[in-house]
Amino acid sequence: MSLTLSQSYFQHRDVVYLAKDLIGKKITTCIDGKTTSGIITETEAYAGCGDKACHAHLGRFTERTKVMYEPGGIAYVYLCYGIHHLFNIVTNTRGNADAVLIRAVEPLEGFDTMRKRRGKEKLDKALTSGPGNFSKAFGISKTHNEMSVVSKELNIEHISYKPKNLVETKRIGIDYAEEDVDLPWRFYDNSSKFISIK
DNA sequence: ATAGCGATGAGCT
DNA sequence: GCTCATCGCTATA
């Protein structure tokens, strides 16, 4: 049994709760006619204006970040290091600019499509672990910025899967975030090998 | 107009 | 563990 998560699910006010709750959910993309899916194994929460690691810190509102202020349930995709497309789900209600970064998934369907998009022969953990790798394997790019995550192309379902060893720890790559660097807002299922780094 | 740099990943040692 | 590719975003002027 599975249930597609609704727009209102993503409008929950606590982005940290959502980041944790999304571990073990199933994410599916149907892009360029190719279906790929997997179990979410790693996420991070970014908590809007008050979070020094968040792109919307202090209400920063630019061409890039404006999508974060929309009501929850749409994608925020941006280019990192000029190379990697990083996929986030905007959460909370309008004006709050919270988001959950998807950092890794464990593949379920579309192995051949993922391998082809990644240019990899082997099915090792690097196929879909790490935010840039996940996005590439699932066919997500900046053209999907602002797309609904309650759609045919992109959706998330509750499935009968329970994370067996849920770890809470500090976020990756945000050394500039001063007193917010150590917030335990990264979550991963340590029973999966599809994790970016431990 | 432009300098500085980043929510990374791959390859090599 | 270390280097570096690569370019859009941001702030500053």
Side-chain angles (χ1 to χ4, degrees), chain A residues 10 14-20 22-23 27 38 40-70 72 74-92 96-107 114-147 149 167-189 192-198:
Chain A
F10 296 105
D14 184 350
V15 67
V16 178
Y17 165 83
L18 278 178
K20 188 172 180 176
L22 282 165
I23 302 292
I27 182 166
I40 297 171
T41 55
E42 180 177 346
T43 62
E44 282 177 2
Y46 287 86
C49 307
D51 177 4
K52 287 194 172 178
C54 183
H55 291 160
H57 179 50
L58 296 180
R60 191 165 42 196
F61 189 91
T62 66
E63 196 55 30
R64 177 176 69 153
T65 63
K66 65 180 185 184
V67 62
M68 300 182 78
Y69 294 82
E70 295 295 313
I74 59 176
Y76 167 43
V77 185
Y78 74 97
L79 189 64
C80 186
Y81 290 98
I83 308 168
H84 309 290
H85 298 266
L86 270 54
F87 171 75
N88 302 252
I89 301 167
V90 175
T91 72
N92 209 329
N96 290 287
D98 294 352
V100 175
L101 172 68
I102 305 297
R103 291 190 52 90
V105 310
E106 181 161 335
M114 294 184 206
R115 278 199 290 262
K116 191 176 255 181
R117 284 176 179 152
R118 294 278 290 107
K120 284 175 64 72
E121 284 295 319
K122 289 193 292 183
L123 201 176
D124 57 15
K125 77 159 204 166
L127 186 68
T128 54
S129 302
N133 290 342
F134 155 70
S135 299
K136 194 170 182 187
F138 276 64
I140 297 168
S141 67
K142 272 184 63 173
T143 61
H144 303 102
N145 193 40
E146 298 186 80
M147 177 180 279
V149 300
V167 176
E168 306 184 10
T169 183
K170 59 193 281 195
R171 295 172 290 180
I172 304 287
I174 54 152
D175 293 344
Y176 54 83
E178 301 178 11
E179 72 269 26
D180 291 340
V181 290
D182 293 324
L183 291 170
W185 288 358
R186 173 174 173 238
F187 303 94
Y188 64 86
D189 181 358
S192 175
K193 65 178 181 183
F194 290 87
I195 299 298
S196 62
I197 53 174
K198 305 250 177 179

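- The aromatic ring of A:Tyr46 is stacked on the base of B:dA7, with the two ring centres less than 5.5 Å apart and the planes inclined by under 30°.
- Using a 4.0 Å heavy-atom distance criterion, A:Arg118 is classed as a sugar-phosphate-only contact.
- Backbone-only engagement by A:Arg64 is indicated by non-hydrogen atom pairs under 4.0 Å involving sugar-phosphate atoms exclusively.
- Distance A:Leu86 CG to B:dC5 C1': 15 Å, rounded to the nearest Å.
- Relative ring orientation between A:Tyr78 and A:Tyr76 is described as parallel, the plane-to-plane angle staying below 30° on a 0-90° scale split at 30° and 60°.
- Contact between A:Ala45 and A:Val15 at its shortest, heavy atoms only, is CB-O, 3.8 Å.
- The nearest whole Å value for the distance from the CZ atom in A:Phe87 to the P atom in B:dT8 is 16 Å.
- Within 4.0 Å (heavy atoms only), A:Ser196 reaches no atom of the nucleic acid at all.
- If you measure from atom CG of A:Asp175 to atom C1' of B:dT8, you get 13 Å, rounded to the nearest angstrom.
- When rounded to the nearest whole Å, the span between CG of A:Leu79 and P of C:dC9 equals 8 Å.
- Note on A:Asn133: only backbone sugar-phosphate atoms sit closer than 4.0 angstrom, heavy atoms only; bases stay farther off.
- Across all strands, A:Lys142 comes closer than 4.0 Å only to sugar-phosphate atoms, never to a base (heavy-atom distances).
- In A:Lys116, the NZ atom is not crowded: 12 or fewer heavy atoms of neighbouring residues, nucleotides or ligands sit closer than 6.0 Å.
- For A:Cys80, the side-chain atoms get nearest to B:dT8 when compared with the rest of B:dT8, C:dT10, B:dA10.
- Electrostatic pairing of A:Arg171 and A:Asp51 counts as a salt bridge here, judged by a charged N lying under 4.0 Å from a carboxylate O.
- Following rounding to the nearest Å, A:Asp124 (CG) and B:dG9 (P) show an atom-to-atom distance of 13 Å.
- Under 4.0 angstrom from either OP1 or OP2 of C:dC9 there lies no side-chain N or O belonging to A:His55.
- Nearest nucleotide to the side chain of A:Arg60, out of B:dT8, C:dA11, B:dA7: C:dA11.
- The two residues A:Val16 and A:Asp14 come nearest to each other via the heavy atoms N-OD1, 3.0 Å.
- For the OP1/OP2 pair of B:dA7 and a distance below 4.0 Å, the side-chain nitrogens and oxygens of A:Tyr81 include no atom meeting the criterion.
- Using the Watson-Crick or G-U wobble rule with both distances under 3.5 Å, B:dA7 pairs with nothing in any strand shown.
- Contact annotation: A:Thr62 does not reach the phosphate of C:dC9 (side-chain N/O to OP1 or OP2, under 4.0 Å).
- To the nearest angstrom, P of C:dT10 lies 11 Å from NZ of A:Lys66.
- Backbone-only contact: A:Ile174 has heavy atoms under 4.0 Å from sugar-phosphate atoms and none from a base.
- Two residues, A:Tyr76 and A:His84, neighbour DNA chain C, and the one matched to the more 5' nucleotide by heavy-atom proximity is A:His84.
- Each of A:Gly82 and A:Gly130 has a nearest nucleotide on DNA chain B; the 5'-most of these lies closest to A:Gly82.
- Rounded to an integer number of Å, the gap from NZ of A:Lys170 to C1' of B:dA7 is 14 Å.
- Among the atoms of the strands shown, base atoms are found under 4.0 Å from some heavy atom of A:Ile83.
- Ionic pairing of A:Lys52 and A:Glu178 is present here: one or more N-O contacts between side-chain nitrogen and carboxylate oxygen are shorter than 4.0 angstrom.
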